[in-house]
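Beneath this line is the structure, given in structure tokens, with notes to follow.
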Amino acid sequence: MSMPPRWRFAGLTAICTIEDTLKLKAGETILIQGGAGGVASFAIQLAKHLGARVITTASASNHDYLRKIGADQIIDYNAVDFTKVVKDCDAVFDTVGGDVAQRSFAVLKPGGRAAFIASGAQAPKPDRSDVVALRPKVGREPATILERIVALVAQGAVPSTGSDALSSQRRPVAAHRLSESRHFRGKLVFMVR
């Protein structure tokens with residue numbers, strides 16, 4: 001089965017984070033920050049496949065898309081402070097970084113764990129002692145994880161949706177602007193021929 005490159009890298013990061021680092025289990029609740037991004041959208045589908053309850057953050061324009069891929073609760077980060085409406089999560093997966101990363105600790109229940117991929121080489125330090133901050137170790141395409149991605153796609157657990165493809169001949173400036181905005185669904189594929 002052929003796998004789009006965007007799923008290889010997004011899937012690799014999502015699986016390493018959800019399964020290996022956070023060790024998410026059926027029945028747990030996870031908050032996935034930045035749900036419409038490539039890694040986060042794969043992670044949402046994987047978490048649902050594992051039997052977790054999934055909460056995510058995204059702008060209002062992405063809510064229908066996120067419902068379609070399985071999010072149970074979606075918070076418009078432009079209108080609502082997620083720390084006011086989310087609590088008692090078993091896990092958080094932050095793909096946004098900055099202030100969002102640090103505030104994510106507030107929604108964890110005691111013993112909760114948070115994984116960060118947008119906060120540099122080290123996970124941010126929690127402001128409380130009863131939770132754990134983790135930085136996933138994502139290797140260079142280990143065969144077993146790639147086989148897991150292929151199996152998930154083949155099962156329909158993570159269908160390939162929500163990616164933008166732009167031709168380099170038609171839209172190089174548009175592609176660059178879209179990339180800088182960090183506000184697009186899935187992964188941006190810039191085709192050069």
Side-chain angles (χ1 to χ4, degrees), residues 5-58 66 69-71 75 77 81-83 86-149 152 157-158 162 179-180 182-188:
R6 64 188 171 268
W7 273 138
R8 248 193 319 264
F9 301 111
L12 181 66
T13 302
I15 287 173
C16 286
T17 303
I18 296 293
E19 292 184 346
D20 301 338
T21 302
L22 290 171
K23 300 182 185 333
L24 191 68
K25 297 175 186 65
E28 290 189 315
T29 298
I30 185 169
L31 169 63
I32 299 175
Q33 301 282 19
V39 173
S41 61
F42 194 104
I44 288 168
Q45 295 170 88
L46 176 59
K48 285 305 294 180
H49 178 72
L50 294 173
R53 178 173 183 271
V54 178
I55 304 167
T56 192
T57 57
L66 293 168
I69 66 169
I75 300 159
Y77 62 78
D81 177 351
F82 71 90
T83 65
V86 178
K87 63 180 181 175
D88 296 327
C89 289
D90 298 285
V92 170
F93 180 16
D94 176 56
T95 69
V96 176
D99 181 54
V100 170
Q102 195 61 49
R103 293 185 311 122
S104 291
F105 293 115
V107 305
L108 289 170
K109 65 182 177 183
R113 56 226 188 265
F116 303 88
I117 63 167
S119 298
Q122 301 292 320
K125 294 195 185 311
D127 53 3
R128 41 190 287 211
S129 62
D130 62 345
V131 297
V132 137
L134 306 161
R135 176 73 169 106
K137 290 182 181 20
V138 180
R140 287 271 185 210
E141 299 192 46
T144 56
I145 294 177
L146 289 176
E147 289 170 8
R148 175 88 170 116
I149 295 168
L152 289 165
V158 286
S179 176
E180 283 183 332
R182 296 185 64 199
H183 288 277
F184 54 91
R185 293 180 188 154
K187 286 291 183 187
L188 176 65

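Numbers for residues simply follow the sequence, beginning at 1.
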Taking [X] for its side chain and [Y] for its backbone only, find out whether a donor-acceptor pair lies under 3.5 Å.
| X | Y | result |
| --- | --- | --- |
| R113 | V131 | no |
| T57 | Y77 | no |
| R128 | L108 | yes |
| S41 | G38 | yes |
| Q102 | K125 | yes |
| R135 | G120 | yes |

Legend entry - Short N-O contact, K109 and D90, less than 4.0 angstrom: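 Salt bridge flag = yes for D90 with K109.
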Legend entry - Test: K23 and E28 ion pair at under 4.0 Å: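 Result for this pair is no, no salt bridge flagged.
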Legend entry - Contact check, side chains of D20 and P136, non-hydrogen atoms, under 4.5 Å: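 Heavy-atom side-chain distance check fails, nothing below 4.5 Å.
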Inset, instruction - Please examine the side chains of K87 and V107, heavy atoms only from C-beta on, and report whether any two atoms are closer than 4.5 Å. - result: no
Distance from [X] atom [atom1] to [Y] atom [atom2], nearest 0.5 Å?
| X | Y | atom1 | atom2 | answer |
| --- | --- | --- | --- | --- |
| L31 | T83 | CG | OG1 | 10.5 Å |
| D88 | T29 | CG | OG1 | 8.5 Å |
| L134 | L22 | CG | CG | 6.5 Å |
| I32 | T17 | CD1 | OG1 | 10.0 Å |
| I30 | L50 | CD1 | CG | 9.5 Å |
| F82 | R103 | CZ | CZ | 4.5 Å |

Legend entry - Test side-chain hydrogen bond (donor to acceptor under 3.5 Å, both in side chains) applied to T56 and Q33, step by step: CA-CA 6 Å; T56 192; Q33 301 282 19; over 6 Å; no
How close do [X] and [Y] get, heavy atom to heavy atom, and via which atoms?
| X | Y | answer |
| --- | --- | --- |
| K25 | A52 | O-CB, 4.2 Å |
| F116 | A101 | CE2-O, 3.5 Å |
| K137 | T21 | N-OG1, 4.3 Å |
| I44 | A71 | CG2-N, 3.9 Å |
| S119 | D94 | OG-OD2, 4.0 Å |
| A14 | F42 | CB-CD2, 3.5 Å |

Inset, instruction - Quickly, which of T13, I18, L12 forms a side chain to side chain contact (heavy atoms under 4.5 Å, CB included) with V39? Name it, please. - result: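 Output: one option passes, namely T13.
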Inset, instruction - Could you please spell out the steps behind the side-chain contact (heavy atoms from CB on, under 4.5 Å) verdict for F93 and L24? - result: CA-CA 11 Å; F93 180 16; L24 191 68; over 6 Å; no
